[in-house]
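Values in this document were obtained by computation on a predicted structure and should not be read as measured data.
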Amino acid sequence: PRTYKVGTMSEKFDCHYCRDALQGKKYVEKEGRHCCVKCFEKFCANTCVECRKPIGADAKELHYKNRYWHDTCFRCAKCYHPLANETFVSKENKIFCNKCTTREDSPRCKGCFKQIVAGDQNVEYKKMVWHKDCFTCSNCKQVIGTGSFFPKGEDFYCVTCHETKFAKHCVKCNKDLEKDPAWSPTRGNPGMTTASTVKNVLS
């Protein structure tokens, strides 16, 4: 919200700066001081970080982290798309639209090679990232998601396929002799996958 009020003066007040009479004229009140529009722009108005001009009393003003813009100057630093009514990302003191941020910064899914964007659920394992639905068993192609799995080189196998394809069984009790899968929902082992949803973060 703005820290000043704009209106038409109905009382006998003079401009705080130039001392001109304000009655019947447009005025701005800021921090208890009344001034004409001209003096407001000269002494009180915030400066737009984009065009470096004062933001007049009649202009729409946007602010973020103690910086100010005309609403028409608040644009993506890369594609110049207006962002006054849209979500945005701040990076290194610059403002970007979600599309430009996604192109530059979003990780790519190891399964489909598409970028993982805001709102996508993803799975991470040993610094690799997948969309949740792209993390599948190398044998049956069923989605593993955040379920238990066995890594084998570059491949990943669900518990059922691993038991069928690789597991060694005890001759006496027929139990699987392999170690536990890389992740189980009931316990947190080192190297487990983590599921998360990417969010828009204002840095």
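Atoms NZ and SG, on K30 and C35 in that order, are 9.0 Å from each other to the nearest 0.5 Å. In this structure, SG in C44 is found 7.5 Å from CZ in R33, a value given to the nearest 0.5 Å.
Judged as a ring pair (Phe, Tyr, Trp, His ring centres under 6.0 Å), and not counting sequence neighbours, the contacts of W69 are F74. Taking K38 as the reference, nothing meets the salt bridge (charged side-chain N to carboxylate O under 4.0 Å, His left out) condition, with sequence neighbours excluded.
When hydrophobic clusters are built by joining Ile, Leu, Val, Met, Phe, Trp and Tyr residues whose side-chain heavy atoms come closer than 4.5 Å, directly or via intermediates, V49 is grouped together with I95. If you chain together hydrophobic residues whose side chains sit under 4.5 Å apart, F43 and L22 never meet in one group.
Considering all non-hydrogen atoms of both residues, M9 and H34 come closest at CE-CD2, 3.5 Å. The two atoms that bring G145 and V123 nearest to each other are O-CG2, 3.6 Å, heavy atoms only. Residues C15 and C36 come closest through the heavy atom pair SG-N, 3.4 Å. Listed here is the closest heavy atom pair of S138 and D155: OG-CB, 3.3 Å. Shown here for I55 and K60, the closest heavy-atom pair between the two residues is CG2-O, 4.4 Å.
Under the 4.5 Å side-chain criterion, counting only non-hydrogen atoms from C-beta, K132 is not in contact with N122. Residues C109 and H131 have side chains in contact (heavy-atom distance under 4.5 Å, counting atoms from C-beta outward). For the pair K165/N139, a side-chain contact is recorded, criterion being any heavy-atom separation below 4.5 Å from C-beta on. Looking at heavy atoms from C-beta onward, C97 lies out of side-chain contact with E86 at the 4.5 angstrom threshold. The shortest distance between side-chain heavy atoms of C137 and Y157 falls below 4.5 Å. Using a 4.5 Å heavy-atom cutoff, the side chains of K94 and K78 are not in contact.
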Go through the steps for I144 and T136 under the test side chain to side chain contact (heavy atoms under 4.5 Å, CB included), then give the verdict. CA-CA 5 Å; I144 297 171; T136 59; 5.6 Å; no
Take C76 and L83 through the test side chain to side chain contact (heavy atoms under 4.5 Å, CB included) and record every step on the way to the result. CA-CA 7 Å; C76 173; L83 295 174; 4.1 Å; yes
Could you check Q23 against E11 for side chain to side chain contact (heavy atoms under 4.5 Å, CB included), going step by step and ending with a plain yes or no? CA-CA 6 Å; Q23 192 169 21; E11 302 175 55; 5.8 Å; no
Given side chain to side chain contact (heavy atoms under 4.5 Å, CB included), test V6 with K26 step by step and report yes or no. CA-CA 7 Å; V6 181; K26 195 168 192 175; 3.5 Å; yes
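Relative orientation of the H162 and F150 rings is parallel, given thresholds of 30° and 60° on the angle between their planes.
Checked options F113, Y125, F135; the residue passing with W130 is F135 (criterion: ring pair (Phe, Tyr, Trp, His ring centres under 6.0 Å)).
For F40 and Y27, the gap between ring centers reaches or exceeds 6.0 Å.
One N or O on the side chain of R67 and one on the backbone of N93 form a donor-acceptor pair closer than 3.5 Å.
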